Amino acid sequence: MLTVSILLDSVEKVQRFVSVISKYACSFDIQSGHSYVDAKSLVGIFSLDISQALHLTINGGETEMEDILRDIQEFMEY
C-alpha cells in the first residue's frame, strides 16, 4: 500500500486519470477530508472538491507499483 498526493483539477484530468488506473487490477482509493471514494469511479471523484490536492492510496503489489507510479506521474503533486 502506498499513498501519494494528486491533483485532478479539471474534468479532462479526472477522465484521463480514471482511464489510466482502470487498466490495473488493484484497488485505488481517494481521500478528501473525511470522504473516501473508489478512484476508478468518475461519479465518486466528482463528488469531491477537486480544486485541491487529493490523497490517492494504491492497494497493489510491489511488482505493479513502479508501473502505476510512472503512469500517474502527470497527476502527482510534489
Side-chain angles (χ1 to χ4, degrees):
M1 181 167 72
L2 176 70
T3 301
V4 296
S5 290
I6 58 170
L7 189 59
L8 303 173
D9 56 354
S10 71
V11 172
E12 293 80 17
K13 275 189 175 180
V14 171
Q15 291 171 330
R16 275 197 327 270
F17 176 77
V18 171
S19 177
V20 166
I21 66 166
S22 290
K23 69 181 181 181
Y24 292 101
C26 61
S27 66
F28 298 83
D29 297 308
I30 291 182
Q31 176 191 4
S32 175
H34 296 291
S35 300
Y36 288 85
V37 298
D38 178 354
K40 293 181 181 179
S41 168
L42 285 170
V43 173
I45 294 174
F46 285 125
S47 72
L48 303 174
D49 179 4
I50 62 170
S51 69
Q52 47 186 301
L54 306 167
H55 300 286
L56 173 70
T57 301
I58 306 164
N59 300 301
E62 291 298 318
T63 55
E64 290 180 306
M65 203 61 70
E66 194 173 305
D67 292 336
I68 293 169
L69 290 174
R70 182 190 63 242
D71 287 351
I72 66 168
Q73 187 172 2
E74 70 175 289
F75 309 105
M76 291 173 61
E77 185 175 73
Y78 298 99

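Hydrogens, waters and symmetry mates play no part in the numbers below; they use all other heavy atoms, side chains included. Not measured: the values here are computed from a predicted model.
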Rounded distance [0.5 Å steps], OG in Ser5 versus NE2 in His55 = 5.0 Å
In terms of side-chain geometry, is the basic nitrogen of Glu74 or Lys13 positioned less than 4.0 Å from the acidic oxygen of its partner?
-> no
Nearest heavy atoms of [X] and [Y], plus distance in Å:
X     : Y     : answer
Ile50 : Ile45 : CG2-O, 3.7 Å
Leu7  : Ser51 : CD1-O, 4.3 Å
Cys26 : Lys40 : O-NZ, 3.0 Å
Val18 : Ala39 : CG2-O, 3.6 Å

List for me each residue that meets salt bridge (charged side-chain N to carboxylate O under 4.0 Å, His left out) alongside Asp67, sequence neighbours excluded, and say none if there are none.
-> Arg70
Do [X] and [Y] come within less than 4.5 Å of each other through their side chains, counting heavy atoms only?
X     : Y     : result
Leu56 : Gln31 : no
Val37 : Val43 : no
Leu2  : Leu69 : yes
Ile72 : Val20 : yes

Check the pair Leu42 / Gln15 against side chain to side chain contact (heavy atoms under 4.5 Å, CB included), numbers first and verdict last.
-> CA-CA 7 Å; Leu42 285 170; Gln15 291 171 330; 4.3 Å; yes
Quick one: do Asp38 and Ile30 satisfy side chain to side chain contact (heavy atoms under 4.5 Å, CB included)? Show the steps, please.
-> CA-CA 6 Å; Asp38 178 354; Ile30 291 182; over 6 Å; no
Taking distance alone, no hydrogens or angles, what donor-acceptor pairs closer than 3.5 Å link side-chain atoms of residues 57-66 to residues at least two apart or in another chain?
from: Thr57; atom 1: OG1; to: Thr3; atom 2: OG1; distance (Å): 3.2
from: Asn59; atom 1: ND2; to: Ser27; atom 2: OG; distance (Å): 3.2
from: Asn59; atom 1: ND2; to: Asp29; atom 2: OD2; distance (Å): 3.3

Hey, does the side chain of Ser22 reach the backbone of Ser19 with a donor-acceptor pair shorter than 3.5 angstrom?
-> no
Restricting to pairs with a member in residues 13-37, which pass ring-ring contact (aromatic ring centres under 6.0 Å, His included), not counting sequence neighbours?
-> Phe17-Phe75
